[in-house]
Every structure is written in C-alpha cells, then in structure tokens.
Amino acid sequence: EVNLILDGYEKTSYSGSITTNSFDIGEWTDRKQYVGRVSLSGKIDGEGLNLKSAIIDTEASISSIEIMGYTYDDMKVDASLARNLFDGQLFVNDTNLNLYVTGTVNLEKDKETIDLDGTVQKANLHKIFKSDSVLSLSMQFVTHTKGLNIDSVTGQLGISELRLNYGSRQLYSELATLSSSLQKNQRDLKLRSDFASITMEGNFSLLPLYNDLKSTFKEFSLGLLNDE
C-alpha cells in the first residue's frame, strides 16, 4: 500500500509499502542493456516519477532481479536515489554470489560513475557469466570508475585478499590494482599485483581482450601454481 499525492510528473510524492512482480526496471530507467525485471517487497518514500527527477529512500528485499543477463536471488538493499544517483548498501545472498557492498552509482547519461567498497565472500563467475570453465573467487575491493559499458570504462579497481579458484587449483594475491585510462581512442591498461605486472597501451577494445585473456589466464595460472 502506497500513499500517493499527485502533483505533476516531477512533484508527485509517495510513501508506504511496495511490492513488485517482474517489474521491468530496465524499461523504466532506459537501461535495458544492464538491468531487466525485478521482484521485490519493501518500504519507499519518494518524490518524482522518472529517474531524472526522482528522489527516493527505500529499504527492500529483492527476491529476484536481472542484471547483465543473469538473474540474482535474495538481495537486501538500503539506499537513496536522488536524480540518477544511487547511494546506499547492498547485501546479496544468491546461490552464486555472496556480496556486501556500500557506495554510490551515478546513472546519468555520459556521467556514469561507480564508487564502491565491498566484500565478496563467494562469486561463481562461470555461472554468472555462463562460462564452461569453472572459475570462482573471494576478495575485498574498492572501485572508482567512470562509464558502464566495458569499452568505455576508465578508473581504478583495488583488490585485496584475492582467492581465485580455477577448477581444483587456487591462486592467492594479497594486493592487486587494475587501472584503465582512455584518451583519443588510446587506452592505457595497467595491472599491478604480487604475482604479475602488466601494462598494455594502444587502440584496442576491452571486450575481445577479455575473451582472449580467459585462455591466457588459464595457461598462466596453471603454470604458476605448478611451480609452487
């Protein structure tokens, strides 16, 4: 039940309890390439009826939500939304992802940023990204990036206490940083860690690079672990 006071598209206010069943949030936010349908129940207090003008505070339990092609179950969120800017905390207890994260996400077009601090207790990446090769990890992370599309992302990701499992093998890194910058179609990509140091510069796309690196990483990690 939601109390609704109609006062134009941007000033309409609402408060109370809300329940959705397969609501298409991607359609509502014009971000269908990133998010899809969501089923949730919770409390809401807000003003405005579209993402550009809305100011919303919410506490919700999310039974399912589609993100980047994977449907996550069992989420809890305590957050505020103010004109495209999400600020809050999220707990995920999905079968393939156990995650706690706090921070902000700006969804304003051409100004997208992600600033997060979190802990991943378990992530079965092969299930989430639909890969045939078993790959899972746990870690703590801090990220400061711009852009949501993989080929436009710039910024830095800091990782600590990384445990990466590939099949029956495990790779551990106490600290690692990944940074990416882009100027005039020239990308500078740097990985620094206690097991590898890699720099890549030039005009290249990150998406096919990711696909190429999956096989390269397999050979590298197996060779490294066999040397231990």
Side-chain angles (χ1 to χ4, degrees), residues 1-123 128 139-149 153 155-158:
E1 180 181 350
V2 176
N3 297 318
L4 182 66
I5 301 176
L6 297 175
D7 186 16
Y9 201 61
E10 295 186 355
K11 294 296 184 179
T12 291
S13 61
Y14 36 87
S15 63
S17 301
I18 186 171
T19 300
T20 71
N21 184 17
S22 295
F23 172 68
D24 195 342
I25 193 173
E27 181 74 27
W28 182 63
T29 61
D30 193 27
R31 290 291 187 274
K32 290 186 289 184
Q33 67 271 43
Y34 305 119
V35 294
R37 297 186 179 277
V38 58
S39 298
L40 62 82
S41 61
K43 298 178 180 179
I44 189 170
D45 184 5
E47 179 182 273
L49 294 177
N50 76 22
L51 190 62
K52 293 181 180 179
S53 62
I55 301 174
I56 303 170
D57 291 316
T58 184
E59 295 181 22
S61 295
I62 302 172
S63 58
S64 68
I65 183 171
E66 299 171 356
I67 302 176
M68 303 291 284
Y70 177 80
T71 300
Y72 295 89
D73 298 324
D74 194 5
M75 290 187 177
K76 291 181 173 59
V77 61
D78 183 356
S80 62
L81 165 66
R83 298 183 177 90
N84 283 295
L85 181 67
F86 287 90
D87 185 356
Q89 54 187 347
L90 172 70
F91 174 70
V92 183
N93 192 30
D94 181 74
T95 302
N96 293 305
L97 179 65
N98 189 285
L99 164 72
Y100 173 76
V101 63
T102 182
T104 62
V105 178
N106 188 348
L107 294 178
E108 185 175 355
K109 283 189 175 180
D110 300 321
K111 296 182 179 180
E112 296 97 337
T113 59
I114 300 176
D115 295 284
L116 301 175
D117 188 342
T119 299
V120 180
Q121 293 185 348
K122 176 187 69 176
I128 295 171
M139 66 178 181
Q140 298 179 30
F141 68 91
V142 177
T143 180
H144 303 288
T145 62
K146 296 180 180 180
L148 297 179
N149 185 289
V153 169
Q156 187 172 72
L157 169 66

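Residue numbers count from 1 along this sequence. The basis for the numbers below is simple: all heavy atoms, side chains too, and nothing from hydrogens, waters or symmetry mates.
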Can you tell me which residue among Asn84, Leu81, Ile114 is in a side-chain contact (heavy atoms from CB on, under 4.5 Å) with Leu107?
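Exactly one option meets the side-chain contact (heavy atoms from CB on, under 4.5 Å) with Leu107, and it is Asn84.
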Which atom names give the shortest non-hydrogen contact between [X] and [Y], and what distance separates them?
| X | Y | value |
| --- | --- | --- |
| Ser41 | Thr19 | CB-OG1, 3.9 Å |
| Ser80 | Asp57 | CB-OD1, 3.0 Å |
| Ser15 | Asp45 | CB-OD1, 3.8 Å |
| His144 | Asp115 | ND1-OD1, 2.8 Å |
| Thr71 | Ser64 | CG2-CB, 4.0 Å |

Between [Y] and [X], is there a side-chain heavy-atom distance shorter than 4.5 Å?
| X | Y | answer |
| --- | --- | --- |
| Leu40 | Ile18 | yes |
| Val142 | Leu116 | no |
| Val92 | Asp74 | no |
| Glu112 | Leu148 | yes |
| Tyr70 | Leu97 | no |

Does the [X] side chain pair with the main chain of [Y], one donor and one acceptor, at a distance under 3.5 Å?
| X | Y | result |
| --- | --- | --- |
| Ser39 | Ser22 | yes |
| Asp94 | Asp73 | yes |
| Thr20 | Val38 | yes |
| Thr143 | Leu157 | no |
| Glu66 | Arg37 | yes |

[atom2] on [Y] to [atom1] on [X], rounded to 0.5 Å:
| X | Y | atom1 | atom2 | value |
| --- | --- | --- | --- | --- |
| Leu85 | Thr113 | CG | OG1 | 7.0 Å |
| Phe141 | Leu99 | CZ | CG | 5.5 Å |
| Ser61 | Lys76 | OG | NZ | 4.5 Å |
| Leu90 | Asp78 | CG | CG | 10.5 Å |
| Ile67 | Ile128 | CD1 | CD1 | 10.0 Å |

side-chain contact (heavy atoms from CB on, under 4.5 Å) against Thr119, all qualifying residues, sequence neighbours excluded
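So Thr119 forms a side-chain contact (heavy atoms from CB on, under 4.5 Å) with Gln121, Gln140.
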Partners of Thr102 by side-chain contact (heavy atoms from CB on, under 4.5 Å), sequence neighbours excluded?
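Partners of Thr102 under the side-chain contact (heavy atoms from CB on, under 4.5 Å) test: Gln89, Tyr100, Asp117.
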Enclosure of Lys146 NZ (heavy-atom neighbours >12, cutoff 6.0 Å):
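Not buried by this count: 12 neighbours or fewer within 6.0 Å.
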Derivation and outcome, side-chain contact (heavy atoms from CB on, under 4.5 Å), residues Tyr34 and Met68
CA-CA 5 Å; Tyr34 305 119; Met68 303 291 284; 3.5 Å; yes
Contacts of Lys32 that satisfy side-chain hydrogen bond (donor to acceptor under 3.5 Å, both in side chains) - sequence neighbours left out:
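By the side-chain hydrogen bond (donor to acceptor under 3.5 Å, both in side chains) rule, Lys32 matches Glu27.
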